[in-house]
There are 2 protein chains.
Amino acid sequence: MTTTRERIIAGTEAVFDEHGFAGVGMDRLTEASGVSSRTLYKHMGSKTGLIAAVLDARRERFDQAFDVLTIEDLFATLASWADTEGARGCLFLRALGEDGRSAPEVDRAVSDYRDLLQRAMARIVEHETGRTDAVLAEQLLVLFEGATAAMSYRGRQAIDAAHAAAKSLIGGLMGATPS
Amino acid sequence: MTTTRERIIAGTEAVFDEHGFAGVGMDRLTEASGVSSRTLYKHMGSKTGLIAAVLDARRERFDQAFDVLTIEDLFATLASWADTEGARGCLFLRALGEDGRSAPEVDRAVSDYRDLLQRAMARIVEHETGRTDAVLAEQLLVLFEGATAAMSYRGRQAIDAAHAAAKSLIGGLMGATPS
DNA sequence: ACCAAGGTATCACGATCGTTTTACCTTCGG
DNA sequence: CCGAAGGTAAAACGATCGTGATACCTTGGT
């Protein structure tokens with residue numbers, strides 16, 4: 001069973017992704033949500049509440065999709081995410097950039113996502129190397145963020161480059177000699 | 001001599017960077033520009049024209065600041081850029097995300113910047129390795145984009161991680177054997 | 001049979017949006 | 001000394017913003 005709330009979120013997320021947050025009005029959002037504006041406000045409270053709810057839902061979907069343990073799977077998942085969802089740069093970064101810090105609920109949604117992302121990188125590094133390595137996790141985070149940003153205009157080759165770089169960094173650590 | 005146009009651009013850039021593009025009104029921009037709204041419109045034509053002019057000016061300033069030939073200088077320059085200009089994610093990516101593709105002048109300004117960025121990465125790779133290497137240049141681009149995005153919430157350690165990763169990738173290429 | 005729950009469509013609100021206009025300075029080369 | 005050139009402040013434009021209100025319709029459980 002999909003709740004009304006879920007339908008609203010699912011319908012509006014793509015609009016935000018395509019046109020930004022401040023740039024779309026409630027009229028377009030109500031139209032995309034498939035419900036009346038009265039129902040939308042009853043469920044979401046405000047436009048800011050809707051944005052936070054969309055970001056929370058996206059984080060959960062991201063969390064399920066990126067439940068991976070290897071570098072290989074990480075970038076393969078990123079590629080298929082880009083295929084199905086498009087690649088317009090990190091929606092969380094963009095949400096924060098449009099709102100300043102003026103909306104605490106948005107702020108919280110973004111940092112929730114970022115915590116999750118960091119933990120995912122640390123988990124992959126630990127699984128790949130057999131130990132925790134904060135530096136390597138930070139590097140993998142940077143590569144993932146970079147691939148997310150660069151793939152919006154470089155396409156698949158940005159993902160491939162990040163993937164290859166990550167493998168080199170992991171491999172270099174494990175004493176592999178240059179082929 | 002600074003022209004009126006330059007003063008307008010210099011005054012408004014920080015406002016866009018802090019609050020986004022669609023989210024700020026012309027009243028705040030005229031106040032920040034230091035000129036009347038009539039003068040602002042005479043020089044910029046429209047809000048979109050102002051945005052494109054601000055992005056063009058930023059690209060030129062970026063071009064001068066990042067006139068570097070080494071990995072070392074690249075990330076040192078990024079760190080001092082972040083210190084003086086702040087780190088809120090790539091302003092060009094954000095501009096594109098807020099406007100969809102609806103404004104051709106903004107679109108053009110963003111791709112001008114991206115061309116410049118790619119050429120800078122290729123130039124650094126060529127200087128560091130002595131030959132052109134498209135794959136390595138792509139990896140450096142991803143690392144730079146990733147550092148730009150990640151430093152907005154990870155701070156300096158994101159830059160350091162990208163720097164170290166770039167050095168590893170360059171070093172590995174040049175035939176260094178482990179220990 | 002009925003009533004609450006939750007949906008719809010539509011309109012109106014005050015505010016703010018981007019833009020233009022009106023009317024009035026100031027400065028400076030000829 | 002005069003007349004462009006280029007500036008100012010302030011008001012107003014229709015449109016659109018986020019939000020609430022009004023009135024009506026459809027359900028499903030008791």
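Below, read A as the first sequence line, B as the second, and so on, with proteins coming before strands; counting in each chain starts at 1.
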- Message: Report for the helix from C/dA1-D/dT30 to C/dG30-D/dC1: angle between first-end and last-end helix axes, five pairs each, rounded to 10 degrees.
- Response: 0°

- Apply ring-ring contact (aromatic ring centres under 6.0 Å, His included) to A/Phe66 and list each qualifying residue two or more places apart in sequence or on a separate chain. A/Phe62, A/Trp81, A/Phe144

- Message: According to side-chain hydrogen bond (donor to acceptor under 3.5 Å, both in side chains), does anything in residues 115-124 of chain A pair up with another residue at least two apart or in another chain? List the pairs.
- Response: A/Gln118-B/Arg154

- May I have all residue pairs that pass side-chain hydrogen bond (donor to acceptor under 3.5 Å, both in side chains) and include part of residues 141-153 of chain B, sequence neighbours excluded? A/Glu145-B/Tyr153, A/Tyr153-B/Glu145

- Message: Taking A/Arg94's backbone N and O only, do any of them form a donor-acceptor pair with B/Arg94's side chain (distance below 3.5 Å, no angle check)?
- Response: no

Distances under 3.5 Å between protein N/O atoms and the N/O atoms of nucleotides 9-14 of chain C, please, pair by pair.
none

- Hey, what do you get for CG (A/Leu117) to CG (A/Leu140), rounding to the nearest 0.5 Å? 9.0 Å

- Query: B/His43: what forms a ring-ring contact (aromatic ring centres under 6.0 Å, His included) with it, not counting sequence neighbours?
  - Reply: none

- Query: Charged N to carboxylate O under 4.0 angstrom, A/Asp83 versus A/Arg156?
  - Reply: yes

Under 3.5 Å, N/O pairs linking protein and nucleotides 24-28 of chain D:
none

- Item | Gap separating the CG atom of B/Leu96 from the CZ atom of A/Arg88, nearest 0.5 angstrom | 10.0 Å

Could you give the side-chain donor-acceptor pairs of residues 71-80 of chain A under 3.5 Å, partners two or more places apart or in another chain?
residue: A/Asp73; atom: OD2; partner: A/Thr70; partner atom: OG1; Å: 3.4
residue: A/Thr77; atom: OG1; partner: A/Asp73; partner atom: O; Å: 2.6
residue: A/Ser80; atom: OG; partner: A/Thr77; partner atom: O; Å: 3.2

- Message: With side chain to side chain contact (heavy atoms under 4.5 Å, CB included) as the criterion, how do A/Glu138 and A/Leu141 come out once you've worked through the C-alpha distance, each side chain's angles and the decisive distance to 0.1 Å?
- Response: CA-CA 5 Å; A/Glu138 189 84 33; A/Leu141 177 72; 4.1 Å; yes

- Item | Sequence neighbours excluded, every pair satisfying side-chain hydrogen bond (donor to acceptor under 3.5 Å, both in side chains) that has a member inside residues 23-38 of chain B | B/Ser36-B/Thr39

- Kindly compute the distance separating CG (B/Asp63) from CD (B/Glu60), expressed to the nearest 0.5 Å. 8.0 Å

- Task: Not counting sequence neighbours, which residues clear salt bridge (Lys or Arg N to Asp or Glu O under 4.0 Å) with A/Arg7? List them please.
- Result: none

- Is there a residue in residues 39-56 of chain B whose heavy atoms reach under 4.0 Å of DNA chain D, and which residues are they? B/Thr39, B/His43

- Query: Checking A/Glu98 side chain against A/Phe21 main chain: does a donor-acceptor pair fall under 3.5 Å?
  - Reply: yes

Show each protein N/O and nucleotides 13-16 of chain D N/O combination with a separation under 3.5 Å, one pair to a line.
none

- Task: Supply the atom-to-atom distance A/Leu29 CG to A/Lys47 NZ, rounded to the nearest 0.5 angstrom.
- Result: 6.5 Å

